[in-house]
Amino acid sequence: MLTAARLPSPDPDDRERYRVVLPSDVSQVGDLVEVVAACCFGPDPVAGRAHFRVCTVVAEAVANAMLYGNRNDPTLTVIVEIELHPTQVVIAVTDEGEGFDPDALPDPTTPDALERTSGRGLYMIRRLADHVAFNDRGNTIWMTLPRC
């Protein structure tokens with residue numbers, strides 16, 4: 001069973017931070033999404049756009065990290081870090097892969113790409129998150145989303 005480890009904070013008034021480390025096993029993505037949603041929104045069921053946005057971007061980012069970053073190698077891990085702010089959440093997903101250039105991906109909305117069966121995950125993340133950034137290597141994505 002997946003759980004999020006709460007990271008210690010040097011300041012008791014500082015924001016809450018959590019970390020989940022999991023192997024590259026896409027069958028665990030659903031459980032991970034539930035863990036992240038519980039960290040972001042608490043134990044009460046939350047309906048609405050914020051919940052949908054967080055769950056969708058986490059599922060896409062983690063699946064991409066497992067399948068493309070770690071090449072579906074179960075010996076490699078994906079790290080998900082969650083940083084809670086009063087009105088927003090910042091979620092980082094890191095894989096152990098070589099990384100990539102996110103700006104080099106083709107636009108999935110062009111007529112040539114409409115028939116493709118892949119290449120829409122990052123497009124959806126960019127449309128649903130308020131802010132998306134990558135590290136220089138291209139193996140960590142940071143996504144900022146609203147909590148309410």
Side-chain angles (χ1 to χ4, degrees), residues 1-11 13-41 49-148:
M1 181 168 140
L2 289 176
T3 59
R6 185 167 180 177
L7 300 175
S9 177
D11 180 356
D13 294 329
D14 202 10
R15 59 196 162 265
E16 291 179 59
R17 295 175 35 231
Y18 298 90
R19 177 182 288 169
V20 181
V21 179
L22 67 160
S24 294
D25 176 0
V26 292
S27 71
Q28 292 191 29
V29 172
D31 291 339
L32 172 73
V33 168
E34 289 180 25
V35 168
V36 172
C39 290
C40 294
F41 303 109
R49 186 166 169 78
H51 187 266
F52 169 80
R53 289 169 71 179
V54 165
C55 291
T56 303
V57 301
V58 167
E60 287 295 332
V62 171
N64 284 347
M66 290 177 176
L67 296 173
Y68 301 113
N70 287 346
R71 307 249 185 247
N72 216 18
D73 182 343
T75 66
L76 300 178
T77 60
V78 173
I79 299 169
V80 179
E81 295 178 309
I82 306 150
E83 186 175 280
L84 302 178
H85 300 263
T87 61
Q88 66 184 15
V89 58
V90 178
I91 300 169
V93 176
T94 303
D95 61 60
E96 294 185 77
E98 296 176 16
F100 76 112
D101 179 0
D103 295 327
L105 292 179
D107 180 353
T109 64
T110 62
D112 295 353
L114 292 178
E115 297 297 320
R116 291 188 191 139
T117 59
S118 64
R120 290 173 181 77
L122 184 54
Y123 176 82
M124 288 189 343
I125 290 169
R126 286 179 166 152
R127 295 303 173 271
L128 292 172
D130 291 344
H131 181 72
V132 175
F134 290 86
N135 66 351
D136 289 340
R137 181 171 152 187
N139 72 324
T140 298
I141 182 173
W142 289 275
M143 304 164 290
T144 303
L145 298 114
R147 287 183 69 189
C148 50

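- Ring planes of His51 and Phe41: tilted class, angle from 30 to 60°.
- Atom CZ of Arg19 sits about 11.0 Å away from atom CD1 of Ile82, to the nearest 0.5 Å.
- Taking each heavy atom of Pro8 and Arg17 in turn, the nearest pair found is O-NH1, 3.7 Å.
- When every heavy atom of Arg53 is checked against every heavy atom of Ala129, the shortest pair comes out as NH2-C, 4.0 Å.
- Heavy-atom minimum distance, Met143 versus Ala61: CE-CB, 3.8 Å.
- Judged purely by atom type and a 3.5 angstrom limit, Arg147 has no side-chain atom pairing as donor or acceptor with the backbone of Val89.
- The CG atom of Leu2 lies 5.0 Å from the CD atom of Gln28; values are rounded to the nearest 0.5 Å.
- Contact record, Thr77 with Glu96: N-OE2, 2.5 Å, taken as the closest heavy-atom pair.
- What you find for Asn72 and Ser24 is that their closest heavy atoms are OD1-O, 4.3 Å.
- Here Cys55 contributes atom SG and Leu145 contributes atom CG; the two are 10.5 Å apart, rounded to the nearest 0.5 Å.
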query: Can you list the steps and then say if Asp31 with Val35 is a side-chain contact (heavy atoms from CB on, under 4.5 Å)?
result: CA-CA 6 Å; Asp31 291 339; Val35 168; 5.6 Å; no

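- No donor-acceptor pair closer than 3.5 Å links the side chain of Asn64 to the backbone N or O of Tyr68.
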Full working for side-chain contact (heavy atoms from CB on, under 4.5 Å) between Phe52 and Leu128: CA-CA 9 Å; Phe52 169 80; Leu128 292 172; 4.2 Å; yes

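- The backbone N or O of Gly97 sits nowhere less than 3.5 Å from a side-chain atom of Arg71 that would complete a donor-acceptor pair.
- For Cys40 against Leu84, the heavy-atom pair with the smallest separation is CA-CD2, 3.8 Å.
- Atom CG of Asp101 sits in a crowded spot, with more than 12 heavy atoms from other residues, nucleotides or ligands closer than 6.0 Å.
- For the pair Leu22/Met66, a side-chain contact is recorded, criterion being any heavy-atom separation below 4.5 Å from C-beta on.
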message: For a side-chain contact (heavy atoms from CB on, under 4.5 Å) check, start with the C-alpha distance between Val78 and Val93, then their side-chain angles and the critical distance, and finish with the verdict.
response: CA-CA 7 Å; Val78 173; Val93 176; 3.8 Å; yes

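- With respect to the salt-bridge test (charged N to carboxylate O, under 4.0 angstrom), the residues Arg6 and Glu16 qualify.
- Rounded to the nearest 0.5 Å, atoms CZ (Phe100) and CD1 (Ile141) are 7.0 Å apart.
- Although no hydrogens or angles enter the test, the distance criterion places no donor-acceptor pair under 3.5 Å between the side chain of Thr140 and the main chain of Asn135.
- For the atom pair CG (Leu7) and OH (Tyr18), the distance works out to 9.5 Å, reported to the nearest 0.5 Å.
- To the nearest 0.5 angstrom, Cys39 atom SG is 12.0 Å from Glu81 atom CD.
- Between the Asn139 side chain and the Asp95 main chain, a donor and an acceptor come within less than 3.5 Å of each other.
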